[in-house]
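In what follows, a single structure is set out as structure tokens and then discussed.
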Protein chains: 2
Amino acid sequence: MNLPPLNLTEEWLDRLQASGYRLTQPLRRIVELLVASPRALGPIEIYDLVRVHYPNLGLVTVYRTLEKLEALGLVQRVHQEDGCHRYLRATQGHQHLLICTRCGRATYFAGDDLSRLIRHTEEETGYLVQDHWLQLYGLCPACRQ
Amino acid sequence: MNLPPLNLTEEWLDRLQASGYRLTQPLRRIVELLVASPRALGPIEIYDLVRVHYPNLGLVTVYRTLEKLEALGLVQRVHQEDGCHRYLRATQGHQHLLICTRCGRATYFAGDDLSRLIRHTEEETGYLVQDHWLQLYGLCPACRQ
DNA sequence: GATTGACTTGAAAATGATTTTCATTTATAA
DNA sequence: TTATAAATGAAAATCATTTTCAAGTCAATC
Ligand SMILES: [Mn+2]
Ligand SMILES: [Mn+2]
Ligand SMILES: [Zn+2]
Ligand SMILES: [Zn+2]
């Protein structure tokens, strides 16, 4: 019988353990940080932020942990202009990202219905559309002032 | 009096010359390739394809030429999963990309109207939406068989 | 069609992000 | 506890991209 997880961090750690991973100190610190972050973080950012309280952390471990979290669908990669990636906690279901261009705060939203656009585009181009990628950019409530 | 350009390659070269760039052999070869390509090409691909007929080309020149073409809005960067970029001839106006997941062939389409979705999302999140990023994926006519 | 000088080029080295290697440490099951 | 396979961190390797610089080439002028 599984008791419901106390919070999101516990939930992630449970998922990791259930998948056969060991719950090490570095892993726990990285998970705590990512669960709490309102914006996508890059590997070096995570490295620096975790080392404030856990100075031994290696950058390689950050990469390896992100790989695990992405494989389990707990975090999502966010593409940057320069080609590097940041990582943000994922949500379930069909949702897209809305990102603040000033502070980076990210929110998920749902409810996009692209079916008419897709049907129209299919007719026009002869392509079969199977997937889509949508992202909105703007200012978060705080950054609107 | 400007005569109309004979074809797209000439048009690009005219634009480059008008912007003060010199029309060198390497530049011409890269432009010819990009104008004719139905799919986005990466720097190394361009390097290899051009060297078939122009073996002296340096990879650095590919990067520098792509920089110029992007600055003039003649090509557009297409983001890849792994973070690298490919380059595709751009079109004018508000258009988005439809990319074949099998062969890479890319087409532009217009006519997306996201205003209702954006208004709804703004109300729900408190964000001010200023921009959007949309890309469709599927199979091109040839790859549908 | 020569001459000239700034713009371009290509090779090599530098950079920066990410991956691989490997000896050591650590979590967990026995 | 003890054993052992998984995880870690340091260093080296890899890969895309950028910088540096001496040599080559365009295009304006003679
Ligand atoms: Mn959608
Ligand atoms: Mn649009
Ligand atoms: Zn903000
Ligand atoms: Zn195709």
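Excluded from the calculations below are hydrogen atoms, water molecules and symmetry mates; all remaining heavy atoms, backbone and side chain alike, are included. Just so it is clear: chains get the letters A, B, ... in the order the sequence lines come, proteins before strands, and each one is counted from 1.
In plain terms, the two heavy atoms of B/Ala106 and B/Ile99 that are nearest each other are CB-CG1, 4.2 Å. Counting all heavy atoms, side chain and backbone alike, B/Leu13 lies closest to B/Leu23 at O-CD2, 3.6 Å.
Between B/Glu45 and B/Arg39 there is a salt bridge, since at least one side-chain N of the basic residue sits less than 4.0 Å from a carboxylate O of the acidic one.
Residue contacts for A/Leu23: at a heavy-atom cut-off of 4.0 Å it reaches the sugar-phosphate backbone alone, with no base atom in range. Using a 4.0 Å heavy-atom distance criterion, B/Gln17 is classed as a sugar-phosphate-only contact.
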(request) Applying ring-ring contact (aromatic ring centres under 6.0 Å, His included), run through B/Trp133 and B/His79 and close with a yes or a no. (result) CA-CA 11 Å; B/Trp133 210 91; B/His79 299 266; 5.7 Å; yes
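Taking 4.0 Å as the cutoff to heavy atoms of chain A, we find the contact window on DNA chain D bounded by D/dA5 to D/dA11.
Aromatic ring orientation, A/His94 versus A/His132: tilted (interplanar angle from 30° to 60°).
A side-chain N or O of B/Gln76 and one of B/Tyr108 form a donor-acceptor pair less than 3.5 Å apart. Of the N and O atoms on the side chains of A/Tyr127 and A/Thr121, not one donor lies less than 3.5 Å from an acceptor on the other residue.
Rounded to whole Å, the distance from OH on A/Tyr63 to C1' on C/dT21 is 17 Å. Computed from coordinates, the A/His85 NE2 to C/dT19 C1' distance equals 15 Å when rounded to whole Å.
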Atom pairs, N/O to N/O, protein against nucleotides 6-10 of chain C, distance under 3.5 Å?
{"residue": "C/dA6", "atom": "N3", "partner": "B/Arg22", "partner atom": "NH1", "Å": "3.1"}
{"residue": "C/dA6", "atom": "N3", "partner": "B/Arg22", "partner atom": "NH2", "Å": "2.9"}
{"residue": "C/dC7", "atom": "O4'", "partner": "B/Arg22", "partner atom": "NH2", "Å": "3.3"}
{"residue": "C/dC7", "atom": "O2", "partner": "B/Arg22", "partner atom": "NH1", "Å": "3.2"}
{"residue": "C/dT8", "atom": "OP1", "partner": "B/Arg22", "partner atom": "N", "Å": "3.3"}
{"residue": "C/dT9", "atom": "OP1", "partner": "B/Thr24", "partner atom": "OG1", "Å": "2.7"}
{"residue": "C/dG10", "atom": "OP1", "partner": "B/Asn56", "partner atom": "O", "Å": "3.2"}
{"residue": "C/dG10", "atom": "OP2", "partner": "B/Gly58", "partner atom": "N", "Å": "3.2"}
{"residue": "C/dG10", "atom": "OP2", "partner": "B/Thr61", "partner atom": "OG1", "Å": "2.2"}
{"residue": "C/dG10", "atom": "N7", "partner": "B/Arg64", "partner atom": "NH2", "Å": "2.5"}
{"residue": "C/dG10", "atom": "O6", "partner": "B/Arg64", "partner atom": "NH1", "Å": "3.2"}
{"residue": "C/dG10", "atom": "O6", "partner": "B/Arg64", "partner atom": "NH2", "Å": "3.3"}

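Annotation: cation-pi pair A/Arg51/A/Tyr54 absent, no NZ/CZ under 6.0 Å from the ring centroid and within 45° of its normal.
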